[in-house]
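Small disclaimer: the values here were computed from a predicted structure and weren't measured.
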Amino acid sequence: MLALENKHHGVIISQTIVISDEVEYQLDLTSKRLSKYPFTVKITALTLVGHTVIAVSHFDHLAAAQTAYEAYFTDLAQK
């Protein structure tokens with residue numbers, strides 16, 4: 001993981017959770033190499049009327065970002 005923290009740039013993982021025919025959520029875990037908080041978890045709602053960013057969280061460690069990503073995923077998957 002340490003090697004990934006220092007070298008990876010861009011999308012680490014992206015998943016879409018389908019709630020119904022009208023609502024989907026997209027979860028993204030991304031990285032920017034030269035940033036104070038290089039890891040970002042973003043949740044976007046995809047609806048019939050458009051896209052809305054629900055939450056954006058920034059982290060300085062990959063492990064913390066992965067934990068938050070998994071928590072968001074688990075919460076949304078249970079809806």
Hey, can you pull the donor-acceptor pairs under 3.5 Å for the side chains in residues 11-19, sequence neighbours left out?
| residue | atom | partner | partner atom | Å |
| --- | --- | --- | --- | --- |
| S14 | OG | Q26 | NE2 | 3.3 |
| S14 | OG | D28 | OD1 | 2.5 |
| Q15 | OE1 | Y69 | OH | 3.4 |

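Atom OG1 in T52 sits 9.0 Å away from atom CG in L46 (nearest 0.5 Å). One finds the CG atom of L76 at 9.5 Å from the CD atom of Q78 (value rounded to the nearest 0.5 Å).
Of all heavy-atom pairs between P38 and D60, the closest is CD-CA, 3.8 Å. Considering every non-hydrogen atom in both F39 and H61, the closest pair reads CD1-C, 3.7 Å.
Residues that satisfy the side-chain contact (heavy atoms from CB on, under 4.5 Å) test with S57, not counting sequence neighbours, are F59, Y72. For E70, the side-chain contact (heavy atoms from CB on, under 4.5 Å) test picks out no residue, with sequence neighbours left out. Partners of E22 according to the side-chain contact (heavy atoms from CB on, under 4.5 Å) rule, which considers only residues two or more places apart in sequence or in another chain, are S20, L48. Partners of A45 according to the side-chain contact (heavy atoms from CB on, under 4.5 Å) rule, which considers only residues two or more places apart in sequence or in another chain, are Y25, I54.
Side-chain atoms of H51 and T44 include no donor-acceptor pair closer than 3.5 Å.
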**Study point:** Derivation and outcome, side chain to side chain contact (heavy atoms under 4.5 Å, CB included), residues T40 and K32
**Key:** CA-CA 8 Å; T40 302; K32 293 182 183 174; 5.8 Å; no
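Other residues sharing a hydrophobic cluster with V53 under the 4.5 Å side-chain heavy-atom criterion for ILVMFWY residues are V56.
Here the side chains of K42 and L27 are not in contact, with every heavy-atom distance at 4.5 Å or above.
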